[in-house]
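Here's the structure we're looking at; comments come further down.
Please read all numbers here as calculations on a predicted model, not as lab measurements.
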Amino acid sequence: MVTGIRRCGKSYLLFNLFKDHLLRGGMDEQHIIEIAFDSFENKRFRDPNVLYPYLKEQIKGDGMYYAPLDEVQLLDGRNEYMLYGGLPPVINISNPEEKINFLKLLFGETYISDIAGRHNVRNH
């Protein structure tokens with residue numbers, strides 16, 4: 001994530017310098033999926049229900065892919081997304097109580113059990 005004041009070169013850093021770095025490192029250009037949400041031609045991708053299938057469609061085969069996304073604050077549902085921890089599956093749950101239960105379950109199964117396992121904690 002790149003943050004900074006307006007007009008300081010974040011987009012240039014993302015779409016030029018970072019992309020050039022990836023290409024010089026041998027990354028296939030087809031594995032770099034660039035989207036600037038402030039561009040009129042990309043306006044439809046502000047809807048996560050359009051963006052997600054598009055990104056999945058672009059990923060063909062194995063290998064690492066990069067998706068530089070600019071002006072992500074324009075994404076629809078971003079506030080809700082951030083409110084519930086930035087986890088895509090949460091957006092698909094309509095009931096707020098179910099969202100919270102999902103997050104509690106995820107926290108318990110992933111974070112707590114990982115920490116307990118890593119540090120040999122018993123009776124957690």
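- Across all their heavy atoms, Pro68 and Phe15 have their closest contact at O-CE2, 3.7 Å.
- The number of heavy atoms from other shown groups lying within 6.0 Å of CD (Glu29) does not exceed 12.
- Of all heavy-atom pairs spanning Ile5 and Cys8, the tightest one is O-SG, 3.1 Å.
- The structure places CE of Met27 at 12.5 Å from NZ of Lys19, a figure rounded to the nearest 0.5 Å.
- Judged as a salt bridge (Lys or Arg N to Asp or Glu O under 4.0 Å), not a single pair has a partner in residues 48-67 (not counting sequence neighbours).
- Nearest heavy-atom pair across Asp76 and Pro48 is O-CG, 3.4 Å.
- The aromatic rings of Tyr54 and Phe45 are tilted relative to each other, their planes meeting at an angle between 30° and 60°.
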For this session: List the steps and the verdict of side chain to side chain contact (heavy atoms under 4.5 Å, CB included) for Val72 and Leu75.
Result: CA-CA 6 Å; Val72 295; Leu75 281 170; 4.3 Å; yes
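- How far CD1 of Ile32 is from CZ of Phe18: 8.0 Å, rounded to the nearest 0.5 Å.
- Considering only residues two or more places apart in sequence or on other chains, Arg24 meets the side chain to side chain contact (heavy atoms under 4.5 Å, CB included) condition with Asp20, His21.
- Atom CG of Asn49 is separated from atom CZ of Arg44 by 14.5 Å, given to the nearest 0.5 angstrom.
- Ile59 and Leu69 fall within the same hydrophobic cluster, where Ile, Leu, Val, Met, Phe, Trp and Tyr residues are linked whenever their side-chain heavy atoms come under 4.5 Å apart, directly or through other members.
- Here Ile33 contributes atom CD1 and Leu51 contributes atom CG; the two are 9.5 Å apart, rounded to the nearest 0.5 Å.
- Atom-to-atom distance recorded for Lys43:NZ and Asp38:CG is 12.0 Å, nearest 0.5 angstrom.
- Taking the side chain to side chain contact (heavy atoms under 4.5 Å, CB included) definition, one finds that Glu41 meets it with Ser39, sequence neighbours left out.
- Ile93 meets the side chain to side chain contact (heavy atoms under 4.5 Å, CB included) test with Glu98, Lys99, Phe102; sequence neighbours excluded.
- With rounding to the nearest 0.5 Å, the separation of CG in Asn95 from CG in Asn101 is 8.5 Å.
- Applying the side chain to side chain contact (heavy atoms under 4.5 Å, CB included) criterion to Thr3, with sequence neighbours excluded, gives Met1.
- Cluster membership check: Leu106 shares its hydrophobic cluster with Val90, using side-chain heavy-atom separations under 4.5 Å among Ile, Leu, Val, Met, Phe, Trp and Tyr.
- At least one side-chain heavy atom of Leu55 sits under 4.5 Å from a side-chain heavy atom of Ile35.
- Listed by chain and residue number, nothing satisfies the salt bridge (charged side-chain N to carboxylate O under 4.0 Å, His left out) test with Glu109 (two or more places apart in sequence, or in another chain).
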